[in-house]
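Below is one structure, written out as structure tokens, with a few remarks after it.
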Amino acid sequence: MHIDLNPKLDFRDVLIRPKRSVLSSRFEANITRSFRFRHSSRAWTGFPLIASNMDTIGTLEMAKAFKPFGALVALHKFHHPDRLAEYLAGDEDPNVFVTVGTGSADWDRLAAVKAKVKVPMLNIDVANGYTEAFVRAVAKLREENPDAIIMAGTVVTAEMTEALVIAGADIVRVGIGSGSVCTTRDLTGVGYPQLSAVIECADAAHGLKGHVCSDGGCVVPGDLAKAYGGGADFVMLGGMLAGHDECGGELKYADQDGQKTPTSMVFYGMSSETAMNKYHGGVADYRAAEGKTVEVPYRGDVRATVEKISGGLRSAMTYIGAENLKEIPKRTTFILVNAQRNTVFDR
Ligand SMILES: NC(=O)C1=CN([C@@H]2O[C@H](COP(=O)(O)OP(=O)(O)OC[C@H]3O[C@@H](n4cnc5c(N)ncnc54)[C@H](OP(=O)(O)O)[C@@H]3O)[C@@H](O)[C@H]2O)C=CC1
Ligand SMILES: Nc1nc2c(ncn2[C@@H]2O[C@H](COP(=O)(O)O)[C@@H](O)[C@H]2O)c(=O)[nH]1
Ligand SMILES: [K+]
């Protein structure tokens, strides 16, 4: 047994200290980044925000809505290969990752897509990125897709980030137990505070010319600024994007002035009982659900939410004098706090 006595931080444990700035308008803050990756020959430029490959979030409708923002969507792995091929064929510069797990059904689906069209970005996603089998799967995916941008995870520590970069990942997905509909920490006692995970994994990845995506745990737009400040190259969101028209969740209606009006939407974790019943015919008897099902308020078009997120980010950048996203970590000093905000109207 070993105890790590160094404090580990979540987004809610810190604020970003303002710094003198030459920016005079939020308009001047540039939220696009350009990356060259360690393995893939492809470069990428855009707003490094990724919608999670949860089946309610990583939809083709989300991809269409994200396109004008230059943001990305990790498509969920339950799309029909023909629909994926159609989307990829119809777009010269597709903003989507095709997602696989480690199971053969996923790889067969990927093969069916690849038989029809090039797949430039791949996401290999498992709950537990610490197994040897997963590292082998990442290596195999790289071998079979030498030119693709490959994202792999999830992990939360430096040594496993290095292992995945070396195995073939361009982008390592960081976050275990941080998600809004995740119950892994309750069920298993395993996890790592998200900001520290990002800081430590980004440092490890960047040393090897790898990149990281902070996955899970963002509650408010300011958390994205903190994730980028901690060294995240990309930020992945689930819960903050839930409840919109572009999502796949079931809508709930209420009668308002005699009109059937959408009021909320169902959102659930990908290893919740809801997801397992839907895709695997129930929860296998040797495992337990590690996600929950919630109803979130209906929020209309996702574009307004993305604008709020990007507006918040631009504002953060003017407060610290970062003209572009790449400068955020250099201009970031985190201060430890024990309160984030005034709560007078919460009671
Ligand atoms: N980031 C996070 O904290 C988490 C994310 N998720 C998300 O939920 C989705 C589905 O996950 P899940 O249903 O668990 O399946 P996965 O697709 O992640 O499982 C992949 C393989 O890993 C094996 N495995 C070994 N140990 C574990 C473990 N502790 N947890 C999960 N699998 C393990 C599984 O075998 P076997 O089933 O036989 O054990 C399976 O063969 C994924 O999209 C994942 O991203 C889920 C939980 C945590
Ligand atoms: N432990 C679990 N984690 C899950 C599950 N479904 C998804 N996820 C992870 O959460 C993030 C999104 O986090 P959010 O805070 O932005 O909502 C997602 O990308 C997955 O990594 C689950 O059932 N259990
Ligand atoms: K997570």
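Whatever order the structure lists them in is the order used to number ligands and atoms, beginning at 1. None of these values were measured; they are calculated from a predicted model.
- Residue contacts with ligand 2 include S272, since one of its heavy atoms falls under 4.0 Å from the ligand.
- Numbered from 1 in the order shown, with element, the atoms of ligand 2 that lie under 4.0 Å from a heavy atom of S271 read 22 (C), 23 (O), 24 (N).
- Side chains of T99 and N123: a donor-acceptor N/O pair is present below 3.5 angstrom, by distance only.
- The option with the heavy atom closest to atom 17 (O) of ligand 1, from among M54, H76, K77, H280, is K77.
- Counting atoms of ligand 2 from 1 in the listed order, those under 4.0 Å from a heavy atom of R173 are 19 (O), 20 (C), 21 (O).
- Of all atoms in ligand 2, listed by their number and element, those nearer than 4.0 Å to a heavy atom of S52 are 18 (C), 19 (O).
- In the candidate list I124, D215, V126, V126 is nearest to atom 19 (O) of ligand 1, counting heavy atoms.
- Heavy atoms of M236 come nearer than 4.0 angstrom to ligand 2 in at least one pair.
- Ion pairing between K67 and D91 holds under the 4.0 Å rule for side-chain N and carboxylate O.
- Remark: the Y192 side chain and the E200 side chain contain an N/O donor-acceptor pair separated by less than 3.5 Å.
- Ligand 2 has no N or O atom lying under 3.5 Å from any N or O atom of T154, backbone or side chain.
- Ring pair F47/F66: centre-to-centre distance not below 6.0 Å.
- Ranked by closest heavy atom to atom 45 (O) of ligand 1, the top entry among N128, D125, T131 is D125.
- In this structure, of A127, C182, G101, the residue bringing a heavy atom nearest to atom 11 (O) of ligand 1 is A127.
- Using a 4.5 Å heavy-atom threshold, the side chains of Y268 and M54 count as separate.
- Near G175, meaning under 4.0 Å from any of its heavy atoms, are these atoms of ligand 1: 1 (N), 2 (C), 3 (O).
- Heavy atoms of G179 come nearer than 4.0 angstrom to ligand 1 in no pair at all.
- For ligand 2, the atoms sitting less than 4.0 Å from at least one non-hydrogen atom of T184 are 1 (N), 2 (C), numbered in the order shown with element in parentheses.
- For ligand 2, the atoms sitting less than 4.0 Å from at least one non-hydrogen atom of L237 are 16 (O), numbered in the order shown with element in parentheses.
- Listed by atom number, the atoms of ligand 2 under 4.0 Å from E290 heavy atoms are 1 (N), 2 (C), 22 (C), 23 (O), 24 (N).
- Between E28 and R314, no side-chain nitrogen of the basic residue sits less than 4.0 Å from a carboxylate oxygen of the acidic one, so the salt-bridge criterion is not met.
- Taking 4.0 Å as the cut-off between side-chain N and carboxylate O, K278 and D55 count as a salt-bridged pair.
- Between F234 and H211, the gap from one ring centroid to the other reaches at least 6.0 Å.
- By heavy-atom distance, the residue among T102, T183, V156 lying nearest atom 41 (O) of ligand 1 is T102.
- Considering K209, R38, R142 as possible partners of D170, the one that fulfils the salt bridge (Lys or Arg N to Asp or Glu O under 4.0 Å) test is R142.
- Here M54 has side-chain heavy atoms under 4.0 Å from ligand 2, and that is the only part of it that gets that close.
- R299 CZ: more than 12 foreign heavy atoms inside a 6.0 Å radius.
- When only modelled atom types and interatomic distance are considered, Y298 and T261 share no side-chain donor-acceptor pair under 3.5 Å.
- At a 3.5 angstrom cut-off on N or O pairs, E290 does not count as close to ligand 1.
- Considering backbone and side-chain N/O atoms, Y286 comes within less than 3.5 Å of an N/O atom of ligand 1.
- Of the candidates G179, C218, G238, G177, it is G179 that places a heavy atom closest to atom 10 (O) of ligand 2.
- When G217, G239, A242 are checked for heavy-atom proximity to atom 15 (O) of ligand 2, G217 turns out nearest.
- For the pair M270 and ligand 2, the shortest N or O to N or O distance falls below 3.5 Å.
- A salt bridge does not link D255 with K260: none of the charged nitrogens is closer than 4.0 Å to a carboxylate oxygen.
- At least one heavy atom of G177 sits less than 4.0 Å from an atom of ligand 1.
- Between E86 and K116, none of the side-chain N atoms (NZ, or NE/NH1/NH2) sits under 4.0 Å from a carboxylate O, so this pair counts as no salt bridge.
- Residue C182 has at least one heavy-atom neighbour below 4.0 Å for each of these atoms of ligand 2: 1 (N), 2 (C), 3 (N), 24 (N).
- When only modelled atom types and interatomic distance are considered, N145 and K114 share a side-chain donor-acceptor pair under 3.5 Å.
- A salt bridge does not link D125 with K77: none of the charged nitrogens is closer than 4.0 Å to a carboxylate oxygen.
- When the heavy-atom distances from atom 48 (C) of ligand 1 to T184, L187, I176, N53 are ranked, the shortest goes to T184.
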